[in-house]
Protein chains: 2
Amino acid sequence: MSATADKRRLILNAAVRVFARQGFHTCRVSDIADEAGVAYGLVYHYFPSKETILDTVFLERWNLMLATIAEAQASEAPPREQLRRIASFIVDSYRRDPDVMKVIVVEVTRAANTFGRTHVQRIMQAYEGIAQIVAQAQRAGVFRREVDALFAAQAFYGLVEQVLTQWIFSGEEIPEAEFDHVKAEIVEMICGGLGG
Amino acid sequence: MSATADKRRLILNAAVRVFARQGFHTCRVSDIADEAGVAYGLVYHYFPSKETILDTVFLERWNLMLATIAEAQASEAPPREQLRRIASFIVDSYRRDPDVMKVIVVEVTRAANTFGRTHVQRIMQAYEGIAQIVAQAQRAGVFRREVDALFAAQAFYGLVEQVLTQWIFSGEEIPEAEFDHVKAEIVEMICGGLGG
DNA sequence: CGAATGGCTGACTGACCAGTCAATCAGTAT
DNA sequence: ATACTGATTGACTGGTCAGTCAGCCATTCG
């Protein structure tokens with residue numbers, strides 16, 4: 001790993017912390033430089049613009065997510081297990097680095113006017129991957145056919161993001177046990193429903 | 001209705017359109033004035049700041065939502081019907097004025113660093129109201145007790161917001177039939193689950 | 001009619017900040 | 001030692017924009 005790549009990473013990590021703390025629109029590039037302990041101009045040596053930094057943060061993580069979905073889908077595991085793996089990836093992403101997920105959820109995933117717009121395609125890819133898992137399970141007769149597969153995927157992802165949002169707004173440290181508990185609860189809720 | 005109140009409303013409606021189109025952070029106060037066909041300074045005659053306009057937009061609609069949840073809860077209707085009424089209110093809010101809901105979802109509900117932070121309390125009130133409906137139904141034995149009530153409320157609200165987000169990002173006119181269809185699908189998904 | 005009230009106007013200001021760039025420094029090759 | 005390459009620095013610029021304010025105009029009232 002070159003020293004150059006290290007510096008770039010250093011700035012990227014600092015940016016994540018700053019974006020998470022102050023928000024993309026309200027932070028200054030100088031805040032990122034200060035947080036990284038680096039001169040202002042160096043940020044522009046490694047990134048062409050402030051926006052590009054956010055794009056990079058988002059894409060790095062989201063591509064991992066798409067890979068996870070593809071893997072789950074390709075596996076021979078039962079549908080519930082496939083969904084569990086995806087929920088697990090997202091929850092563990094938050095566990096390992098809450099700031100990255102906070103930035104993605106707050107600044108990209110719902111930003112219909114700014115970044116979200118430029119990444120819709122990629123965001124949709126995730127829903128579609130999950131929908132394919134559901135559709136496959138419906139064809140196999142293990143999930144019931146009444147619910148549209150894409151709609152079910154939205155329910156799944158919407159629930160996961162809602163849980164993250166809750167954690168983000170709480171501002172508190174989440175107890176370790178909570179993470180695994182929630183993974184199970186997500187799958188249970190989506191597959192089992194409430195009854196009635 | 002005084003002419004004064006009309007002007008205030010005029011500015012408020014224009015602001016909603018501008019926020020929805022350009023986003024709060026990227027629009028200028030002059031854009032709002034232009035959209036309303038009003039002098040720049042008049043905006044500050046009716047509102048102390050740009051932020052206050054967004055706060056007002058959010059609170060007006062959110063208070064209606066809290067009232068709807070309280071009514072549903074107070075009614076003697078079966079739990080599924082109570083949930084249907086809440087989903088119905090939100091979906092119809094979007095049907096009648098997509099821009100208002102777009103602004104709320106995009107600029108407030110997930111804005112953990114800016115507006116969301118100042119309104120967490122009120123946002124949470126909605127989840128708690130929905131959770132009470134679920135808990136009541138669980139006590140009555142019509143919903144199963146395995147799922148935590150607040151978690152179920154998050155699943156419900158998360159799904160609804162995810163559907164709105166989908167509509168917002170699509171940028172297209174939603175066919176009338178879709179609205180009622182989705183209301184039913186939301187309740188069906190939350191109560192019935194996917195099976196397996 | 002004259003004056004007072006209050007909605008209304010838009011040019012202006014002061015602060016802020018993304019992005020630039022000329023200069024310096026560190027490391028490596030010759 | 002000299003030259004070259006690329007990382008690093010931070011002062012500076014150009015443009016933007018929220019909010020102010022001094023005054024205008026329309027209506028009403030004595």
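Chain letters run A, B, ... following the sequence lines, proteins first, then strands; residues in each count from 1. The structure presented is a predicted model; accordingly, all values stated were derived computationally and were not measured.
Taking atom CG on B:Asp6 and atom P on C:dG7, their separation rounds to 14 Å, with Å as the unit. Note: OH (A:Tyr40) to C1' (D:dT8) measures 15 Å, nearest angstrom. Taking atom OH on A:Tyr44 and atom C1' on C:dC21, their separation rounds to 14 Å, with Å as the unit. Atom CZ of B:Phe47 and atom P of C:dC8 are 13 Å apart (whole Å). Following rounding to the nearest Å, B:His25 (NE2) and C:dA18 (C1') show an atom-to-atom distance of 17 Å. Between A:Lys7 atom NZ and D:dT9 atom C1' the separation is 11 Å, expressed in whole Å.
Taking the side chain of B:Leu42 as heavy atoms from C-beta on, and the options D:dT9, C:dC8, D:dG19, the nearest nucleotide is C:dC8. Across C:dA18, C:dT9, D:dG19, the shortest atom-to-atom separation from the side chain of B:Lys50 is found for D:dG19. Counting only heavy atoms from C-beta on, B:His45 has its side chain closest to C:dC8 among C:dA18, D:dT8, C:dC8.
B:Trp167 and B:Tyr94 have tilted rings, their planes meeting at an angle from 30° to 60° on a 0 to 90° scale. Under the 30°/60° scheme for interplanar angles, the aromatic rings of A:Phe24 and A:Phe115 are found to stand perpendicular. The aromatic rings of A:Phe58 and A:His119 sit tilted relative to each other, their planes meeting at an angle between 30° and 60°.
Taking every heavy atom of residues 26-36 of chain A and every atom of DNA chain C, pairs under 4.0 Å involve A:Cys27, A:Arg28, A:Val29, by number.
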Steps toward side-chain hydrogen bond (donor to acceptor under 3.5 Å, both in side chains) verdict (A:Gln162, B:Tyr127): CA-CA 11 Å; A:Gln162 191 66 36; B:Tyr127 305 154; 2.7 Å; yes
